[in-house]
There are 2 protein chains.
Amino acid sequence: MTWGTPQPERADAARNRQLLLATARGLLAEVGPDCLTMDLLAERSGLGKGTVFRRFGSRAGIFQALLDDSERALQQEVLAGRPPLGPGAPPVDRLVAYGRARIRFLAENQDVARATLDGRKTAGRRRPLSEIHIRVLLRELDLPGADADVLAGQLAHALDGPLLFQLFAGPELAGPTPTARFEAGWRDLVERVCGQAGTPAD
Amino acid sequence: MTWGTPQPERADAARNRQLLLATARGLLAEVGPDCLTMDLLAERSGLGKGTVFRRFGSRAGIFQALLDDSERALQQEVLAGRPPLGPGAPPVDRLVAYGRARIRFLAENQDVARATLDGRKTAGRRRPLSEIHIRVLLRELDLPGADADVLAGQLAHALDGPLLFQLFAGPELAGPTPTARFEAGWRDLVERVCGQAGTPAD
DNA sequence: TGCGTAAACGGGGTAAAGTCCGGTTAGGTC
DNA sequence: GACCTAACCGGACTTTACCCCGTTTACGCA
């Protein structure tokens, strides 16, 4: 179920997953996330409703899959990209850069991110990549007296929470102005938590 | 609509709101939050379904109202309680105390808190009291170079997020053990953000 | 105390999420 | 290449949140 394990998935199943994802993206652009119903998605993709639910579990699951798919690019940059975001820079700088990237990512995919949350059936609710990445960086920093696991969760939520909240409030979020404030706030928070940044003694 | 304004509400409407809240609490204990349907609530309270929706807007709205109601006690302690939590103590100590209280509150009302989130219709989504209270305390601290509004949002989400996430994951959360870890984590986070606590120079 | 109005009430109706199970097909094995 | 099994597919069915609008009721005012 996780990405590391090469679990077998039948060829037609994989094909249909891709078809559904593509169709969902099309419908998303065409009718918007609120009008994207499971029936419509099934009909447009030429599949049965049961198939849609088998693949994604719930309505929220589709949006989650869509978001994961978009997130893959960011994930690549983090794992093997250029230094401020990718490996090679001091952990604090990487934390700041990651927050910046994450905020922009969420702002760009705001409607999908929003749709991820609704629905009674909890869509997996895996621990997000943000938290894992933050935890790794915190471990590298080895902050004295800190519980890296808990702190990672706190920071991950501090990063996503306020932005998502704002996305819920206003129907739209326009230019880069509001995200800039969150980006500055994130830098400030990271520097406070990690004790004065800028001078990575190494 | 806010609590400060004494907006007029017809007597029968207020009476029914109380009746619905009480009935909902009863049903919550009897059948659990998942089986608490709007039809059932309407029937048990002897009212029409339309009335239920008029009062609370959505299913999530009921749980939100329930949670608000429970939160009132905590709110009182914050506004006029004894020092560590209430006014009189240094802001950092109050922040730590508030987090402790909030975590316990959420842990106690975990099922209601969880039910608050689901449903497609966003239930109001007001800025929670946590954030407001934290913002006030941060303003008192007057941290140099910090954006108190943004920071308050970050801390509020850092406080609630990890715990709510955990509540979603496991169906139940037993003793005080897991919350203790969050409480310690919160104290640590606050002290880091506010720059070494314990010694409020004043 | 009788009247007008604006709000609250009721409960049947709708749409959409999620379930079920009989039929079909992919892919490994001999 | 025939066969077997497990996984997949389809679409009708059920449940439930939410809407609508005709009817009733509380409350201010003359």
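Quick note on labels: first sequence line is chain A, next is B, and so on, each numbered from 1.
Between the side chains of Arg25(B) and Ser70(B), at least one donor N or O lies within less than 3.5 Å of an accepting N or O. Between Ser130(B) and Arg102(B), the side chains place a donor N or O and an acceptor N or O closer than 3.5 Å (distance only, hydrogens not considered).
One can place CZ of Arg10(B) at 15 Å from P of dT5(C), the figure rounded to the nearest angstrom. The interatomic distance linking Asp34(B) (CG) with dT16(D) (P) rounds to 11 Å, in whole Å. Rounded to whole Å, the distance from CZ on Phe63(A) to C1' on dA17(C) is 13 Å. dT15(D) atom C1' lies 16 Å from atom CE of Met38(A), rounded to whole Å. The separation between Asp12(A) atom CG and dA7(D) atom P is 13 Å, rounded to whole Å. Nucleotide dT15(D) holds its P atom 17 Å from the CG atom of Leu36(B), rounded to whole Å. Residue Glu43(B) contributes atom CD, which lies 14 Å from atom C1' of dG10(C) at whole-angstrom precision. In this structure, Phe53(A) places its CZ atom 13 Å from P of dC20(C), rounding to the nearest Å.
Proximity of Leu67(B) to Asn109(B): side-chain heavy atoms (C-beta onward) are separated by under 4.5 Å at one or more points. Between His157(A) and Phe165(B) the shortest side-chain heavy-atom distance falls below 4.5 Å.
A close approach under 4.0 Å does not occur between any side-chain nitrogen or oxygen of Thr37(B) and OP1 or OP2 of dT16(D). Here Arg54(A) does not reach the OP1 or OP2 of dG10(D): none of its side-chain N or O atoms lies under 4.0 Å away. Close to dC9(C), at under 4.0 Å from its OP1 or OP2, lies a side-chain N or O of Arg55(B). Remark: Asn16(A) is in phosphate contact with dC9(D), judged by side-chain N or O atoms under 4.0 Å from OP1 or OP2.
Panel note: side chain Trp186(B), backbone Ala97(B); no donor-acceptor pair is recorded below 3.5 Å.
Ranking dA16(C), dA8(C), dG27(C) by closeness to the Ala11(A) side chain, first place goes to dG27(C). Among the nucleotides dA8(C), dC18(D), dA12(D), the one closest to any side-chain atom of Lys49(A) is dA12(D).
When each of Gly57(B) and Gly46(A) is assigned the nucleotide of DNA chain D with its nearest heavy atom, Gly46(A) is the one assigned upstream, toward the 5' end.
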